[in-house]
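Numbering of ligands and ligand atoms starts at 1, following listing order.
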Amino acid sequence: MKITVVGSGAMGSVFGGILAEGGHDVTLFDTWCEHVKAINENGLHLSGVSGDRLIHVRATCTAEGIPCQDLIIILVKSGCTAAAAEASRIFSGPGTMVLTLQNGLGNLEVIASILGPGHAIGGTTSHGAFVLGPGAVRHAGAGETILGEFKGGLTPRVERLAETLSRAGLPARAVENTDGPVWSKLLVNAGINALTALLRVPNGVLTENPWARELLAMAVEEGAAIARGRNIVLSFSDPVAHCLDVAAKTGGNISSMLQDVRAGRKTEIGVLNLALAEEGKKMGIPAPVNSILASLVQAIENSYRDRI
Ligand code: PAF
C-alpha cells in the first residue's frame, strides 16, 4: 500500500515506521525539517515496547512530489488538522482513504469537509509515544487501534484497513460507529491532560493526590453526562475508574499536554476540555470543571512570554 503519514512526530513515526517494516511504501511527511533530515540520512530510530531498531523509511518536508496515495494517516496536533488536510489534496485521489487517529473532537469533521466525507475514516489508538530528538522516537506503550467510517457502517474497506494495520503489527479493529471509542478516549484525555499540564506532574501523581483525583473524577463525570446526553455508548461502564486506571498504567508518562506546555507550544485544550464544555453548553448540561480547566490552560498558553 502507498501510505503517507502527515504529522510524523511521535505517533506518526510509530505508525509510519511499523507500516514500513510491514512492507508498505511509506512516506513520512512533517514540517519539522531537522527530524525529516535525520530520518533520511540515518533512518528512523524507533525504541521502546516494539523493540529497538533503525527503520529505513522515506521522509519529506514538502507535499510536492508525493504521488497519489492509497492511505493518508493524519497525526498532526489538532490545531494543524485543516492545514494537514489542505496539504494532502496534492496526493489524494478518488480512491484514497484518509484516516485520523488524533485526540479530541472535531478532527474527522474538518478532514471530511476538506477532503470529502467519502474519504474520511476516524478512530482512536491506545499507543503511546514521545520524541527523543530528531530522527528518534520512543514507542512508550502499545495498544489497540479502533477505526470506522465517517458516515458509519462496517464497510469492506475499513475491515481491510484494520487487517492491514494488524498484519503490520498494529492491532486494529473496525467498528460500525467510532463515537463510543473516540469519546471514551476523550474522557481519558479530559481527566488527565489538563490537570497534569497545570500541576506539571507525570500522569501517576493524579491517582495519589486527593485534590487532583477529585478534579479528575469531576471532569470525567461531566464528560460522561454529555456523552449520555448524546446517546453515546462509552466503552467502559465506569469512565472515572478507567481514567484512573490509564493514569496509573501510564504513571511515569509526561502527558502530551504537559509536553506542549513545557515547550511553550499551543496545546490541544480546544478539542478536549474546551470542546466538552462547549458541547455541554449547547445541550444544557453543565460542565463547569471542564470549563475552568480549559480557561486555566488557555491562560497558561497566553502567558508563555510573560513567565518569570
Ligand atoms: O495525551 C496523552 O498524553 C495520552 O493520550 C494519555 C493517555 C493521557 C497518556 O499520557
Side-chain angles (χ1 to χ4, degrees), residues 7 9-15 48-49 73-81 100-108 122-132 137-147 170-171 178 180-209 212-213 215-217 219-220 223-224 234-236 238-263 265-276 289-290 293-294 297 300-301:
M11 207 65 104
S13 291
V14 166
F15 271 76
V49 291
I73 306 180
I74 297 195
L75 280 167
V76 294
K77 292 275 182 188
S78 57
C80 303
T81 303
T100 165
L101 299 171
Q102 297 157 280
N103 279 340
L105 292 183
N107 294 300
L108 185 58
T124 180
T125 183
S126 324
H127 287 274
F130 55 90
V131 172
L132 294 169
V137 167
R138 185 152 190 90
H139 189 182
E144 193 184 33
T145 297
I146 297 174
L147 55 92
L170 297 160
T178 56
V182 167
W183 273 72
S184 300
K185 175 80 188 289
L186 169 67
L187 297 197
V188 168
N189 290 128
I192 295 177
N193 293 32
L195 280 168
T196 50
L198 289 163
L199 298 171
R200 292 190 161 240
V201 294
N203 297 352
V205 172
L206 301 183
T207 65
E208 297 150 12
N209 177 320
R213 210 182 147 99
L215 284 163
L216 175 152
V220 174
L234 295 171
S235 315
F236 302 91
D238 186 343
V240 173
H242 174 62
C243 185
L244 286 167
D245 188 43
V246 173
K249 283 188 177 136
T250 60
N253 275 24
I254 306 298
S255 77
S256 52
M257 195 170 286
L258 177 51
Q259 288 177 42
D260 289 338
V261 165
R262 277 169 138 187
R265 286 190 297 255
K266 198 163 163 40
T267 72
E268 294 195 301
I269 196 73
V271 297
L272 303 177
N273 306 76
L274 183 60
L276 273 178
V289 174
N290 280 286
L293 289 175
V297 172
I300 288 181
E301 288 179 343

List ligand 1's nitrogen or oxygen atoms that come under 3.5 Å of a protein nitrogen or oxygen, with the partner atom and distance.
residue, atom, partner, partner atom, Å
ligand 1, 1 (O), N189, ND2, 3.4
ligand 1, 1 (O), N193, ND2, 3.1
ligand 1, 1 (O), S256, OG, 2.6
ligand 1, 3 (O), S256, N, 2.8
ligand 1, 3 (O), S256, OG, 3.4
ligand 1, 5 (O), N189, ND2, 2.9
ligand 1, 10 (O), N203, ND2, 2.9

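At least one donor-acceptor pair under 3.5 Å links the side chain of D238 to the backbone N or O of V240. A donor-acceptor distance shorter than 3.5 angstrom exists from the side chain of S184 to the backbone of S235, with no hydrogens or angles considered.
Residues F15 and T145 form a side-chain contact, since some pair of their non-hydrogen atoms from C-beta on lies under 4.5 Å apart. Residues L101 and T124 fail the side-chain proximity criterion, which asks for heavy atoms closer than 4.5 Å.
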All N/O donor-acceptor pairs, side-chain side in residues 198-205, below 3.5 Å, sequence neighbours left out:
residue, atom, partner, partner atom, Å
N203, ND2, T250, OG1, 2.9

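S256 and E268 share no donor-acceptor pair across their side chains, judged by distance under 3.5 Å alone.
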